[in-house]
Trainee: 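Mind looking over this structure? Questions follow.
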Amino acid sequence: MATFKEFRNNVKPNWCPGCGDFSIQAAIQRAAANVGLEPEELAVISGIGCSGRISGYINAYGLHGIHGRALPIAQGVKLANRELTVIASGGDGDGFAIGMGHTVHAIRRNLNITYIVMDNQIYGLTKGQTSPRSAEGFKTKSTPEGSIESTLSPLEIALSAGATFVAQSFSSDLKQLTALIEAGIKHEGFSLINVFSPCVTFNKINTYDWFKENIVNLEQFPDYDPTNRVTAMNKIMETNGMLTGLIYQNTVRKSYEDMITGFRQEALAKQDLSLSEEHFAKLVAEFK
Ligand SMILES: Cc1ncc(C[n+]2csc(CCOP(=O)(O)OP(=O)(O)O)c2C)c(N)n1
Ligand code: SF4
């Protein structure tokens, strides 16, 4: 069985020293080993951003896609090869700005994919612009007088979109984060794990200390029931979206793959996609 070290490769991350993304990389590697995966059974698909580099830093199949498109690619990979465990990953800009349309539809589609968002509440790669996750009043080069837009709440959106697994964590809490990624991988459906991941270079507001002061860990509420969607929504709102832990899980709804009927039941990689002359002629006749 592979250990977490076997999910390491020899590529040195070029993240800034202290970037929260390092711990997320470590948590993915540990979770993959803990659930008993081998590197060739895992695919990590990422978008563009500092966070998007993660697919190059894990010893597994990987694809560093285009900005905001990690999820369409990840869904294609999963549909083509159901035996792969598929993790999609990227920044809050990638998933909640340019890619938000895909995020919502991937959530409601409910393919068996784990989506880990590295939420630093800013655009890191492009040197510090305001993101939909930035707070109102947030000052950057793109909002020099402070953002006048309201902050997007991905957890509330996920619940409204019919999510079957919603969790949130903090990159410094490696134990909680690893356990949540393990649970997300085991979940039969789409799992959203939003991870607070400080950008030490450009975000001087949402720092490690700021997160430590503001996070509300669900462990404080021993009676909390993560299967109740209404209480999940209330708790997210009560804590202003700063809740960490497993917030909601629906184990009753089947995954997309489990509901597919007809010829699509078989993964594309297992189907004979060669085209006979007879089949080709039939297709041409159909579209004449
Ligand atoms: C279609 C397109 N639009 C814009 C960009 C420029 N761009 C690259 S990364 C990025 C945002 C990065 O922020 P985020 O996704 O939060 O990731 P981070 O770098 O903070 O990890 C933008 C706007 C791009 N590469 N492609
Ligand atoms: S710019 Fe920010 S998000 Fe990008 S590597 Fe540096 S600390 Fe991390």
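Every number for a ligand or one of its atoms is a count from 1 in the order of the listing.
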Trainee: Do any of the N/O/S atoms of Cys19, backbone or side chain, fall under 2.8 Å from atom 4 (Fe) of ligand 2?
Mentor: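 It does not; every qualifying atom lies at 2.8 Å or beyond.
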Trainee: Using 30° and 60° as the class boundaries, would you call the ring planes of Trp15 and Tyr57 parallel, tilted or perpendicular?
Mentor: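 Because their plane-to-plane angle is over 60°, the rings of Trp15 and Tyr57 count as perpendicular.
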Trainee: Quick check on contacts: which atoms of ligand 1 are under 4.0 angstrom from a heavy atom of Ile122?
Mentor: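 Listed by number with element: 16 (O), 20 (O).
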Trainee: Counting only heavy atoms, which portion of Asn203 has something under 4.0 Å from ligand 2: side chain, backbone, both, or neither?
Mentor: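 Neither; no heavy atom under 4.0 Å.
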Trainee: When you look at CD of Gln220, are more than 12 heavy atoms from neighbouring residues, nucleotides or ligands closer to it than 6.0 Å?
Mentor: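 Enclosed: over 12 neighbouring heavy atoms sit under 6.0 Å from CD of Gln220.
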Trainee: Does one side chain, of Asn206 or Asn203, offer a donor that lies under 3.5 Å from an acceptor on the other?
Mentor: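 Asn206 vs Asn203: donor-acceptor pair found between side chains.
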Trainee: Return yes if a side-chain donor-acceptor contact under 3.5 Å exists between Ser46 and Ser55, otherwise no.
Mentor: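 There is such a pair between these side chains.
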Trainee: Below the 3.5 angstrom mark, is there an N/O of Gly124, backbone or side chain, next to an N/O of ligand 1?
Mentor: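 Yes, at least one N or O pair falls under 3.5 Å.
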Trainee: Would the distance check show the side chain of Asn9 and the main-chain N or O of Gly56 forming a donor-acceptor pair, the cut-off being under 3.5 Å?
Mentor: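 A pair under 3.5 Å: yes.
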Trainee: Can you check whether Asp94 has an N/O within less than 3.5 Å of an N/O in ligand 1?
Mentor: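 It does: an N or O of Asp94 is found under 3.5 Å from an N or O of ligand 1.
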Trainee: Is the gap between the ring centers of Phe196 and Phe170 under 6.0 Å?
Mentor: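 Centroid separation for Phe196 and Phe170: 6.0 Å or greater.
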Trainee: If you measure every N or O of Gly93 against every N or O of ligand 1, does any of those distances drop under 3.5 Å?
Mentor: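 For ligand 1, there is an N or O atom that lies under 3.5 Å from one belonging to Gly93.
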Trainee: Looking only at the side chains, is there a donor atom on one of Asp21 and Ser51 sitting less than 3.5 Å from an acceptor on the other?
Mentor: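 Looking only at side-chain atoms, Ser51 and Asp21 do not form any donor-acceptor pair under 3.5 Å.
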Trainee: Are any of the N/O atoms in Thr126 less than 3.5 Å from those in ligand 1?
Mentor: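 No: no nitrogen or oxygen of Thr126 is under 3.5 Å from one in ligand 1.
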Trainee: What atoms of ligand 1 come closer than 4.0 angstrom to any heavy atom of Gly91?
Mentor: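 Answer for ligand 1: 14 (P), 15 (O), 16 (O), 17 (O).
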Trainee: So which heavy atom in the protein is nearest atom 2 (Fe) of ligand 2, and how far is it from that ligand atom?
Mentor: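 Minimum-distance protein heavy atom for atom 2 (Fe) of ligand 2 reads Cys199 SG, 2.3 Å.
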Trainee: Do ligand 1 and Tyr123 have nitrogen or oxygen atoms that lie under 3.5 Å from each other?
Mentor: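 Such a contact does not occur with ligand 1.
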Trainee: Provide the number and element of each atom of ligand 1 under 4.0 Å from a heavy atom of Ile98.
Mentor: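 Listed by number with element: 1 (C).
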Trainee: Taking the minimum heavy-atom distance to atom 21 (O) of ligand 1, which of Gly49, Ser51, Cys199, Ser46 ranks first?
Mentor: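 Minimum heavy-atom distance to atom 21 (O) of ligand 1 goes to Ser51.
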Trainee: What protein heavy atom is closest to atom 3 (N) of ligand 1, reported as residue, atom name and distance in Å?
Mentor: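 I find the closest protein heavy atom is His67 CD2, 3.8 Å.
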